[in-house]
Amino acid sequence: MQQPPRQPELGEANLPVFVFPTELIFYADDQSTHKQVLTLYNPYEFALKFKVLCTTPNKYVVVDAAGAVKPQCCVDIVIRHRDVRPCHYDVIDKFRLQVSEQSHRKALGRKEIIATLLPSAKEQRKEEEEKRIKEHLAESAFFEQMLSCQTENKAVSSGPSLLTVFLGIVCIAALMLPTLGEVESLVPHYFHLSVNQKLVAAYVLGLITMVILRL
């Protein structure tokens with residue numbers, strides 16, 4: 001008999017929390033980024049309460065910092081940066097999103113979201129573009145080097161070696177010599193080859209031909 005799905009116990013604080021995005025980036029020179037939206041999803045069969053905490057609450061305004069989300073629904077949490085000053089550039093702040101069951105206070109799960117204020121969106125995009133260009137140039141240089149190595153290897157390996165050509169000529173000459181037993185021949189007797197010797201020469205010549213054709 002199958003057991004029903006186990007519901008999270010109230011004493012546990014490891015219930016997965018689904019929120020997007022998990023990182024907030026504000027740009028000082030772009031007012032449209034001073035307002036960010038967190039979306040909290042509830043995929044469970046029971047309603048959840050949520051609460052948003054922050055390490056530096058004086059720098060942010062959280063609209064609806066506490067509330068509830070129905071089963072298999074989602075809610076948007078608006079976060080505004082209200083202290084855009086150079087002294088806060090590149091400082092990492094943290095938000096903590098805690099969820100609990102409607103009828104209890106104890107947290108069932110939590111999720112941390114990182115928030116950072118950067119000086120300029122244009123500079124950030126420029127840095128990202130320069131990074132992409134450098135990566136592209138590095139990849140191009142790598143492929144050019146690989147192509148150069150392949151070309152050099154092909155140039156080195158193109159054409160048969162001198163030893164292969166020499167052996168081929170020797171085998172051809174051996175096949176053209178008279179066979180033992182031939183009487184009418186102008187070639188001296190000691191240059192006459194047996195049938196077995198000519199078969200070996202023919203076999204070696206065949207191997208050399210295959211090697212040349214593969215080059």
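Any value given below was found using the heavy atoms of this structure, including those in side chains, with hydrogens, waters and symmetry copies removed.
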Cluster overlap [X] with [Y], hydrophobic side-chain contacts below 4.5 Å:
| X | Y | value |
| --- | --- | --- |
| Leu167 | Leu205 | no |
| Phe18 | Val69 | yes |
| Phe20 | Tyr44 | yes |

Of the non-hydrogen atoms in [X] and [Y], which two are nearest, and what is the gap between them?
| X | Y | answer |
| --- | --- | --- |
| His34 | Tyr27 | NE2-O, 2.8 Å |
| Leu175 | Ala201 | CD2-CB, 4.2 Å |
| Asn42 | Ala47 | ND2-CA, 3.9 Å |
| Pro71 | Phe46 | CG-C, 3.6 Å |
| Ala28 | Tyr89 | CB-OH, 3.4 Å |
| Val17 | Gly109 | CG2-C, 3.6 Å |

Gap separating the [atom1] atom of [X] from the [atom2] atom of [Y], nearest 0.5 angstrom:
| X | Y | atom1 | atom2 | result |
| --- | --- | --- | --- | --- |
| Thr55 | Ile114 | OG1 | CD1 | 10.5 Å |
| Leu48 | Cys73 | CG | SG | 11.0 Å |
| Leu118 | Asp30 | CG | CG | 11.5 Å |
| Ile77 | Leu97 | CD1 | CG | 5.0 Å |

Looking at residues at least two apart in the chain, or sitting in another chain, which of them share a side-chain hydrogen bond (donor to acceptor under 3.5 Å, both in side chains) with Thr209?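 Per chain and number, Thr209 pairs via side-chain hydrogen bond (donor to acceptor under 3.5 Å, both in side chains) with no residue.
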Take atom CD in Gln31; do more than 12 heavy atoms of anything else shown fall under 6.0 Å from it?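 No, not enclosed.
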Salt bridge (Lys or Arg N to Asp or Glu O under 4.0 Å) partners of [range], not counting sequence neighbours, each pair once:
| range | answer |
| --- | --- |
| residues 59-68 | Lys59-Asp93 |
| residues 17-28 | none |
| residues 66-83 | Asp83-Arg85 |

What is the ring orientation for Phe95 with Tyr60, classed by angle as parallel under 30°, tilted 30 to 60°, or perpendicular over 60°?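 Plane angle over 60°, so perpendicular.
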Phe26 vs His81 aromatic rings, parallel, tilted or perpendicular, using cut-offs 30° and 60°?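 Correct class here is perpendicular.
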Gln98: partners by side-chain contact (heavy atoms from CB on, under 4.5 Å), with sequence neighbours left out: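 Residues passing side-chain contact (heavy atoms from CB on, under 4.5 Å) with Gln98: Leu53, Arg96, Ala107, Arg110.
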List in chain and number order the residues that pass side-chain contact (heavy atoms from CB on, under 4.5 Å) with Ser100, two or more places apart in sequence or in another chain; answer none if no residue qualifies.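 With neighbours one apart ignored, the set is Lys49.
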Tell me, with the steps shown, if Thr33 and Ile25 meet side chain to side chain contact (heavy atoms under 4.5 Å, CB included). CA-CA 8 Å; Thr33 66; Ile25 299 179; over 6 Å; no
Answer yes or no: is there a side-chain heavy-atom contact under 4.5 Å between Leu24 and Ile79?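 A side-chain contact exists here, since the closest heavy-atom pair is under 4.5 Å.
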Donor-acceptor pair, distance only, cut-off 3.5 Å: does the side chain of Thr116 make one with the backbone of Ile92?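 No, because the side chain of Thr116 does not come within donor-acceptor range (under 3.5 Å) of the backbone of Ile92.
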Show, in sequence, the C-alpha distance, side-chain angles and deciding distance for Ile113 and Leu38, and conclude whether the side chain to side chain contact (heavy atoms under 4.5 Å, CB included) test is met. CA-CA 9 Å; Ile113 298 96; Leu38 285 177; 4.2 Å; yes
